[in-house]
Amino acid sequence: MRFTKDHEWVELVGDTATIGITAYAAEQLGDVVFVELPEAGRALKAGEAMAVVESVKAASDVYAPISGEVTAANADLGGNPETVNEAPEGSGWFVKVKVADSHEIDGLMDRAAYEAFLATL
Amino acid sequence: MTETPLKSTPLASAHLALGGKMTPFAGYAMPVQYPMGVLKEHLWTREHAGLFDVSHMGPAWLRLAAPSGDAETDHRAVATLVEPLVCGDLRGLKPGQFRYTLLLNAQGGILDDLMIGRPAAAEAQGTLYIVVNAATKDADFAAIAAAAGTAATLVRADDGGLIALQGPEAAAVLEALAPGVAELGFMTFADFPVSGEILTISRSGYTGEDGYEILVPEGLAEGLWTRLLDDERVRPIGLGARDSLRLEAGLPLYGHDADNTVSPVEANLGFALSKRRQKSGDFPGAARIAAEKAGALSRVRVGLRVLEGAPAREGAPILDPDGAAIGAVTSGGFAPSLGGPIAMGYVPPAFAPPGTALQVQVRGRAQAAVVVEMPFFPHRYFRK
């Protein structure tokens, strides 16, 4: 699993990346009440806003950590947005993306680097 | 951005000790939430009792400089000083009564919403208890002091604590510390002994729930806060849940759902317009308000249930069924007690009847919404 400074995670298996928000992000947001996800087929560019996560108090953008085409969005979050808080780095995933260039992930932080980054916040 | 350092309330260290997440609000560092989180804090208040630090608000006393000693004469005198600024009936306040009113500019625009009360005690007549909003307090106090001139003195009490205890278990909790408070009716206030100190306690609040607001001197605030939290029915509640609670209760947040361009009629706060004052037309903007009441109204604050999609927040356009923009959301979000998004906003009166189908636009997408009666969640005040 790799991480961004915007608190997204990405896990790459073959050329399919699963993307979500980190446990830290979920904790900071508080209770998630709505998630707006991109539709399958949408082309994402690394760094662009791809989803919106809403807590009781605010809406926050979620950015694509890696470029590629959305192959699936986590439909379960529609009826159960609280899954993002319960299992942010598991069943609370947001989208699956067929990546354009798997080497893009090399620019992201590994867990140790991300944790070191969190310690600076 | 302002360079002014944030002010803190007498409960600042208590919030940090409780794990409160602090945020700037109206010039103060205030807790937006505690570790329980906004959603659970909201629901806790609806089910039990929530404890809120509202010390950023502006309590004050306006006291006649030379009271005559006759209760009615003195009350009338002090009320008459302030009435020219507001649209409410202050002369008609009964001893112990607390009233929501509006400070207006010459155009009838709302400068603030505030509470003004007449003390219950016979020896305290010729005094008004005033509580204004945090962001507007300097201007409000200056206006009130100017209106009072030398006839009365405004004594600010905003250096101390103001603590709200709200929820269905609030009365039972506070009665144990301040015997007698359970007998107060909604929108009344009196002095009560609490641990040997006399505190001013009103049965009021801004959550839609039964509850109290307690004025407490700076040095006693943390002790009272801690004693209230010792009761297992009480949890600390931050500004996040305070906002979602007042939104569900249909209560406007000044600076968002009302501002100095909006009249009481437009803001759907007609209940705050005194019949006597309207008849005599002796308040700022009376002519505009009379015209609006006669039908010359271009917009009115309504409540909306958002039937699909994301919460519509402040600034989101309100559309008619054909997609034409007719207004904007002034506050909105997810309503924890209703399990879906709600909003308030302004629309032309033709679109204001409950049941009117409208749309709200969130991130470019039109979502179905419907006008509903406010409050969204029933008020549960203690009326005697």
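By convention in this document, chain letters (A, B, ...) are assigned in the order of the sequence lines, proteins followed by strands, and residues within each chain are numbered from 1. Note that the coordinates shown come from a computational prediction; the quantities given were computed from them, not determined experimentally.
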Query raised in the report: Which of the residues B:G339, B:P311, B:P336 is involved in the greatest number of heavy-atom pairs with chain A at under 4.5 angstrom?
Result: B:P311

Query raised in the report: Side-chain donor-acceptor pair under 3.5 Å between A:T4 and A:D6, yes or no?
Result: no

Query raised in the report: Can you say whether A:V35 sits under 4.5 Å from chain B via the side chain, the backbone, both, or neither, judging by heavy atoms?
Result: neither

Report task. Below 4.5 Å from any heavy atom of chain B, which atoms of A:A58 appear? Answer side chain, backbone, both or neither. Result -> backbone

Report task. Against chain A, label B:K40 side chain, backbone, both or neither, depending on which of its atoms sit under 4.5 Å from a heavy atom there. Result -> both

Query raised in the report: Under a 4.5 Å heavy-atom cut-off, does chain B meet the side chain of A:E82, its backbone, both or neither?
Result: neither

Report summary line: Ranked by heavy-atom pairs below 4.5 Å to chain A, first place among B:A310, B:G37, B:S244 goes to B:A310

Requested in this report: Would you sort out whether B:E248 and B:R46 count as a salt bridge (charged side-chain N to carboxylate O under 4.0 Å, His left out), showing the intermediate values?
Outcome: CA-CA 11 Å; B:E248 285 185 346; B:R46 290 262 184 259; 2.9 Å; yes

Query raised in the report: Heavy-atom distance under 4.5 Å between the side chains of A:E104 and A:S67, does that happen here?
Result: yes

Requested in this report: Please determine if B:R235 forms a cation-pi arrangement with B:Y34, meaning its NZ or CZ atom is less than 6.0 Å from the six-membered ring centre and no more than 45° off the ring axis.
Outcome: no

Report task. Flag the pair B:P252 / B:Y206 as yes when at least one side-chain heavy-atom distance between them is below 4.5 Å, and no otherwise. Result -> yes

